[in-house]
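All ligand and atom numbering here is 1-based and tracks the order in the structure.
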Amino acid sequence: VNVSEYVFEFLKKEQIKAIFTLTGGGIMYLVEAMGNSGIPYICCHHEQTCSIAAQAYAMYKDTLGVCLVTTGPGGTNALTGAVAAYVDSTPVLFLTGQVKRDDFASKRKVRQFGAQENDIISMAKPVTKYAEMVMEPEKIRYHLEKAVYMAMEGRKGPVWLDIPLDVQNAEINPDSLEGFVPKELDKSDKKSEMKQMAILTYDFLQKAKRPLILAGQGVLASRCESEVENFAKKYGIPVMSTWRAASLFDSEDSYFFGYPGLQAPRYSNILIQGCDLLIVLGSRLDNMITAFNERHFAYRAKKVIVDIDAAEIDKLDMLGVTPVYGDVGEYIQSLAMVMKEKELPSYKTWVCHCREIKKRFPLIEEKQEKEEGVNLYMASEIISMECKKDDVIVISSTSRCNTAGHIAFHHQKGQRTISSMGMGAMGFALPSVIGAYYASGKKRVIMLEGDGSFQLNLQELQTICTYHIPVKMFIFNNNGYAAITTMQDRNFSGHYVGSNSKSGVTMPDMKKIAEAYGIPYIRINRNEEITAAVQWTMEQENAVICDMAGSLYFDEIPKCISSLDSEGKRVSAVLENPYPFLPEQELEKIYKVLLED
Ligand SMILES: Cc1ncc(C[n+]2csc(CCOP(=O)(O)OP(=O)(O)O)c2C)c(N)n1
Ligand SMILES: [Mg+2]
């Protein structure tokens with residue numbers, strides 16, 4: 001066999017069920033072998049899409065995603081997805097072609113010699129866990145095994161193999177190839193350390209009056225969703241999640257209290273600032289969660305923070321932290337073992353208070369400064385109510401739809417919510433739809449995206465048509481970039497530059513776009529029309545574009561922003577009192593009740 005055939009036989013054995021690709025001469029032998037391998041391949045219309053789709057596939061299934069793109073621009077176009085996978089800890093294998101070994105520019109000290117040649121591995125190295133050019137055909141097994149091991153081991157992430165053309169078609173004997181043998185890790189120390197941490201947590205829980213669990217992506221990555229839920233329910237401990245872990249719990253669950261952070265339901269932030277013990281499971285607690293104020297985050301609480309990446313805990317400028325360096329699944333198992341025949345105090349009063357606060361501050365009743373067009377929180381809620389339990393949910397990775405799709409959308413357990421957090425990039429939704437659709441075994445997909453972000457990778461509407469992907473595309477169409485106009489309102493007295501129709505950004509007619517691709521279309525102009533239009537959209541068998549008339553003034557409230565005090569001095573934002581601000585006295589009263597024993 002040649003190297004290319006070996007690659008796809010290997011991927012078959014790895015149970016890879018989809019490859020996202022855009023073909024090219026630089027990968028001709030790989031493409032040929034892929035075509036003969038029997039592994040389904042999905043042809044996208046941009047390599048950025050291939051990379052994001054592979055990422056979404058891996059996110060959905062928590063297995064390896066694979067992206068195959070050509071040399072030169074193929075690889076550079078795919079870099080965005082690699083960075084996203086790196087920051088979001090998603091295991092993706094990137095395969096690229098390279099010019100043949102004789103043609104390397106580096107041999108001649110020139111910028112380029114081979115056709116479309118570029119040094120993709122140097123570019124990929126800082127954003128992957130392993131990136132190598134396969135220089136010797138006989139090393140292919142070693143590189144593949146090492147790449148897959150690295151992608152899946154510890155904190156997961158992307159890996160990249162670049163294969164020169166003459167290596168791609170080099171003949172090899174598969175039986176005589178050197179393999180990769182990972183170093184045996186001595187786990188006994190780790191186990192006893194976990195047990196110590198579990199005993200310590202038990203001690204904290206015994207003394208706690210107001211414990212809370214914040215579950216992050218680590219829970220999904222180590223597949224201990226039900227263990228976490230069982231633990232919380234058994235001992236009556238309230239839970240919250242990060243956006244990345246949305247749909248880990250049912251939004252309606254009586255122990256679930258939303259998502260704390262910079263933009264969050266008011267109740268979530270009030271509660272996290274009231275707890276006296278916070279157990280953080282697999283979240284890096286980035287600035288979007290701490291609202292750029294780590295010292296003040298859950299400041300009344302002792303914090304047990306579990307993370308597989310020690311640096312993510314060590315970076316925190318937080319008080320009262322007990323770090324647990326390791327896998328969330330192993331930690332929760334140890335905790336369950338330690339607690340086996342033990343009891344904990346009842347946290348009933350605290351849970352009751354949590355429920356009262358959640359009831360008192362429904363997100364949907366937050367007052368917008370200007371009510372115009374469709375209220376995105378209301379639309380998100382209605383869309384989610386019309387979803388099925390096994391729908392795939394793809395949320396915009398930025399701006400209004402990103403926020404609404406996480407905090408106003410009612411996520412159901414069993415669904416899987418996909419968005420890219422670390423990159424916060426426009427243009428991720430359509431590619432994610434493609435990846436998640438294949439990962440789910442071809443389930444219906446519900447997508448929420450902004451009009452501006454929809455323009456990036458719009459070409460993938462054709463991929464949706466080619467593969468008959470039943471996606472309901474809900475577009476919040478505010479004819480511009482609300483994220484940018486709002487920023488310019490706050491910082492530059494409404495001097496708009498590159499953000500709306502008067503400053504260089506216009507949007508196309510969505511109906512004409514739908515017609516061009518032969519996709520059914522419906523428009524929502526007012527809140528009263530939402531329910532009927534959403535129902536119609538859901539009833540259609542195939543893809544639909546549902547165009548929702550939005551406003552550039554629709555704001556992601558409540559959100560933590562700085563304010564001016566009575567003397568005109570700027571006061572920084574606090575998590576427990578996001579804008580629109582509650583009067584200080586009201587907040588004091590809330591905490592008086594919440595903190596009582
Ligand atoms: C690839 C990329 N380019 C630029 C940005 C900066 N940016 C963040 S949000 C945004 C506007 C998004 O517009 P739209 O999707 O219409 O959402 P809206 O803000 O109107 O809700 C821009 C330009 C980004 N996040 N990603
Ligand atoms: Mg917009």
Side-chain angles (χ1 to χ4, degrees), residues 46-49 51-52 55 76-88 127 243 262-263 286-288 368-370 372-380 383 394-409 419-433 447-461 473-492 494 496-510 513 523-525 545-557 559:
H46 195 314
E47 288 86 356
Q48 188 182 101
T49 303
S51 68
I52 300 166
Q55 189 208 5
T76 54
N77 279 344
L79 278 171
T80 297
V83 181
Y86 191 59
V87 292
D88 278 351
V127 296
W243 292 9
L262 196 74
Q263 288 136 210
D286 68 6
N287 293 323
M288 291 301 286
Q368 291 284 331
E369 257 172 42
K370 275 190 201 173
E372 259 182 23
V374 169
N375 180 308
L376 185 58
Y377 285 168
M378 188 188 286
S380 302
I383 295 166
V394 170
I395 300 297
S396 176
S397 291
T398 186
S399 201
R400 306 296 179 260
C401 288
N402 181 244
T403 304
H406 285 104
I407 68 176
F409 204 96
S419 72
S420 163
M421 286 289 137
M423 278 287 263
M426 300 166 79
F428 265 53
L430 279 175
S432 299
V433 165
M447 177 190 110
L448 185 62
E449 179 64 302
D451 55 342
S453 300
F454 193 48
Q455 288 302 305
L456 284 79
N457 293 322
L458 188 72
Q459 74 282 346
E460 301 309 331
L461 285 176
M473 293 170 267
F474 293 96
I475 311 296
F476 188 61
N477 187 348
N478 53 11
N479 202 23
Y481 301 156
I484 311 300
T485 53
T486 309
M487 178 184 81
Q488 291 169 341
D489 279 333
R490 292 231 161 88
N491 297 288
F492 306 103
Y496 300 128
V497 181
S499 54
N500 62 9
S501 60
K502 294 202 175 70
S503 63
V505 179
T506 67
M507 298 295 166
D509 181 334
M510 208 67 78
I513 289 178
R523 167 90 173 173
I524 305 177
N525 288 303
I545 291 179
C546 181
D547 182 14
M548 307 188 287
S551 160
L552 285 171
Y553 296 109
F554 183 84
D555 206 356
E556 303 157 302
I557 52 169
K559 67 173 159 191

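Side-chain atoms of M447 and I475, non-hydrogen and from C-beta on, do get closer than 4.5 Å to each other. The side-chain heavy atoms of L456 and F428, taken from C-beta on, include no pair separated by under 4.5 Å. The shortest side-chain heavy-atom distance between T506 and S501 falls under the 4.5 Å cut-off. Contact check for Y481 versus V505: side-chain heavy atoms found under the 4.5 Å cut-off. Here the side chains of F474 and M548 are in contact, with some heavy-atom distance below 4.5 Å. Between N479 and L552 the shortest side-chain heavy-atom distance does not fall below 4.5 Å.
Residue contact check: G450 has heavy atoms under 4.0 Å from atoms 15 (O), 16 (O) of ligand 1. Of all atoms in ligand 1, numbered sequentially from 1 with element shown, those under 4.0 Å from a heavy atom of A425 are 26 (N). Close contacts of ligand 1 with R400, meaning ligand atoms under 4.0 Å from a residue heavy atom, involve 21 (O). Proximity to A482 (heavy-atom distance under 4.0 Å) selects the following atoms of ligand 1: 18 (P), 19 (O), 20 (O), 21 (O). Which parts of ligand 1 touch A483 is read off a 4.0 Å heavy-atom cut-off, strictly below it: atoms 9 (S), 19 (O).
Remark: side-chain polar atoms of E449 are not paired, donor with acceptor, to backbone N or O of C401 under 3.5 angstrom. Remark: the backbone N or O of I557 is paired with a side-chain donor or acceptor of Y377 at under 3.5 angstrom. The closest donor-acceptor contact from the side chain of R400 to the backbone of F476 lies at 3.5 Å or more, if one exists at all. Listed for the S51 side chain is a donor-acceptor partner under 3.5 Å among the backbone atoms of G81.
One finds a salt bridge joining R490 and D555 here, because a Lys/Arg side-chain nitrogen approaches an Asp/Glu carboxylate oxygen to under 4.0 Å.
What sits closest to atom 14 (P) of ligand 1 on the protein, heavy atoms only, is G452 N, 3.6 Å. At the top of the distance list for atom 3 (N) of ligand 1, counting protein heavy atoms only, stands M426 SD, 3.6 Å. The protein heavy atom nearest to atom 18 (P) of ligand 1 is S399 OG, 3.3 Å. The protein atom (non-hydrogen) at minimum distance from atom 8 (C) of ligand 1 is T398 OG1, 3.6 Å.
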*Go through the steps for L430 and Q459 under the test side chain to side chain contact (heavy atoms under 4.5 Å, CB included), then give the verdict.*
CA-CA 9 Å; L430 279 175; Q459 74 282 346; over 6 Å; no
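Near the Mg ion (ligand 2), less than 2.8 Å away, sit the protein N, O or S atoms D451 OD1, N478 OD1, G480 O.
Under 4.0 Å from ligand 1, the heavy atoms of N478 that appear belong solely to its side chain. Here S453 has heavy atoms under 4.0 Å from ligand 1 in both its backbone and its side chain.
The aromatic rings of H406 and W243 sit parallel to each other, their planes meeting at less than 30°, with 60° as the upper class boundary.
Among Y481, F454, F476, the residue whose heavy atom lies closest to atom 11 (C) of ligand 1 is Y481.
Contact annotation: G424 has at least one heavy atom less than 4.0 Å from an atom of ligand 1.
In terms of N/O distances under 3.5 Å, ligand 1 is approached by G480.
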